[in-house]
Amino acid sequence: EAGTSALAYDGQFFFDTDHNESGSNQTNDLTTTEVPSSNVTLAAPTSTEMANVITETVGHMATLTDDKGEPINQASTNVLILCTKAIHLAPLRSAIGLNNLSTGSDNNPVRALSGFTFEVQLVTRITAADKLYFFFGNPGMGSTPLIRQSELGVQTTMLGAGSDEEFKNDQHIFGVNATRGVGYGMWQKAALGTLT
């Protein structure tokens, strides 16, 4: 949620409308300008509406370029979509799972995105209403939208053989501790979509 107010490595907000990575304004803060189909029925969006939002977002993300002007999302085929409202979950899952969204056969535009894998999750901790967060990447990919940070690796402790705990209670106690966080990485691998 803080991506609209936290800075990315280029000095712009992580989700912003004027990233200048390759000398031209690029946006990953998407509205109906970039994704016309994001004008949905907010109270009860349909699977067809959500399928169109997904395909147009993928299309927009394919236009983003790196610092040399080269397309940066050509190999990013795994897409995680986070939704903020329960009412959006079912139509999003139907949009990625069904062949037929209405009468007719094979009329789901998401199915035409061959090679893509989509996952949808509801995240109720995010309070921004009517937002969809898209994260693009592949396993083992060096550039990711979010970076896992590890300040302190896994450390273990144990009260075991010869301890008072063993003597008094006939048991061993084990502890595990780690300090980790998440930071912003490549803004080109993430998009914030606003439904209207």
Side-chain angles (χ1 to χ4, degrees), residues 1-40 50-85 88 92 95-96 110 113 115-153 178-196:
E1 215 171 342
T4 56
S5 60
L7 296 180
Y9 68 87
D10 64 350
Q12 300 298 111
F13 295 131
F14 186 73
F15 295 115
D16 209 336
T17 58
D18 57 352
H19 289 283
N20 288 312
E21 189 74 17
S22 62
S24 62
N25 286 343
Q26 298 186 88
T27 182
N28 66 340
D29 188 356
L30 310 180
T31 64
T32 54
T33 301
E34 298 79 27
V35 182
S37 63
S38 62
N39 185 6
V40 301
M50 290 303 201
N52 290 330
V53 168
I54 292 169
T55 56
E56 288 178 12
T57 300
V58 168
H60 174 79
M61 295 302 286
T63 68
L64 298 182
T65 58
D66 63 14
D67 60 342
K68 296 182 179 34
E70 295 294 323
I72 196 164
N73 284 317
Q74 297 300 301
S76 300
T77 56
N78 289 357
V79 182
L80 171 64
I81 305 168
L82 304 181
C83 62
T84 61
K85 289 175 108 174
H88 299 152
L92 279 167
I96 65 171
V110 175
L113 298 171
F116 279 85
T117 302
F118 295 93
E119 180 184 348
V120 178
Q121 293 180 8
L122 172 64
V123 182
T124 56
R125 289 181 181 273
I126 300 175
T127 58
D130 303 316
K131 303 286 186 184
L132 298 177
Y133 294 79
F134 292 81
F135 296 97
F136 291 74
N138 288 344
M141 197 171 187
S143 56
T144 60
L146 301 174
I147 301 168
R148 291 184 188 186
Q149 301 165 328
S150 181
E151 182 179 327
L152 182 65
T179 304
R180 297 178 176 156
V182 176
Y184 293 107
M186 299 289 291
W187 60 265
Q188 300 97 325
K189 303 290 182 182
L192 173 61
T194 300
L195 303 176
T196 58

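Small disclaimer: the values here were computed from a predicted structure and weren't measured.
For the atom pair CZ (Phe134) and CG (Leu30), the distance works out to 8.0 Å, reported to the nearest 0.5 Å. The line from OG1 of Thr65 to CG of Asn73 is 10.0 Å long, rounded to the nearest 0.5 Å. Cys83 SG to Leu122 CG: the interatomic distance, rounded to the nearest 0.5 Å, is 4.5 Å. Atom CZ of Phe135 is separated from atom CG of Leu80 by 7.0 Å, given to the nearest 0.5 angstrom. The line from OH of Tyr184 to CD1 of Ile147 is 11.5 Å long, rounded to the nearest 0.5 Å. Interatomic distance, Thr57 OG1 to Asn28 CG, rounded to the nearest 0.5 Å: 11.5 Å.
Around the CD atom of Gln74, the shell of radius 6.0 Å holds more than 12 heavy atoms that belong to other residues, nucleotides or ligands.
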Practice problem: Kindly determine whether Gln188 and Asp66 satisfy side chain to side chain donor-acceptor pair (under 3.5 Å), including the steps that lead there. | Solution: CA-CA 8 Å; Gln188 300 97 325; Asp66 63 14; over 6 Å; no
Exercise. For the pair Val123 and Tyr133, evaluate side-chain contact (heavy atoms from CB on, under 4.5 Å) and give the outcome as yes or no after the intermediate values.
Key: CA-CA 10 Å; Val123 182; Tyr133 294 79; over 6 Å; no
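Contact check for Leu195 versus Lys85: no side-chain heavy atoms found under the 4.5 Å cut-off. With a 4.5 Å cut-off on side-chain heavy atoms, Thr194 and Lys131 count as touching. In this structure, Thr27 and Asp18 have side chains that are not in contact, with every pair of non-hydrogen atoms separated by 4.5 Å or more. Proximity of Phe136 to Val58: side-chain heavy atoms (C-beta onward) are separated by under 4.5 Å at one or more points. At a threshold of 4.5 Å between non-hydrogen side-chain atoms, the residues Asp29 and Asp16 do not count as touching. Side-chain contact between Thr144 and Lys189: absent, with no pair of heavy atoms (C-beta onward) separated by less than 4.5 Å. Side-chain contact between Phe116 and Ile96 is absent, with no heavy atoms from C-beta onward closer than 4.5 Å. By the 4.5 Å heavy-atom criterion applied to side chains, Val110 and Met50 are not counted as neighbours.
Shown here for Ser76 and Gly137, the closest heavy-atom pair between the two residues is CB-N, 4.0 Å. Closest of all the heavy-atom pairs between Ala190 and Pro145 is CB-CB, 3.8 Å. Between Phe14 and Gly185 the shortest heavy-atom distance is CE1-O, 3.8 Å.
Formation of a donor-acceptor pair under 3.5 Å by the Asp130 side chain with backbone atoms of Thr196 is not found in this model. Judged purely by atom type and a 3.5 angstrom limit, Thr179 has no side-chain atom pairing as donor or acceptor with the backbone of Leu152. Of the possible donor and acceptor atoms, one in the side chain of Ser37 sits under 3.5 Å from a partner among the backbone N and O of Val53.
Checked options Val79, Val35, Leu92; the residue passing with Ile54 is Leu92 (criterion: side-chain contact (heavy atoms from CB on, under 4.5 Å)).
Classification of the Trp187-His19 ring pair by plane angle, with boundaries at 30° and 60°, yields parallel.
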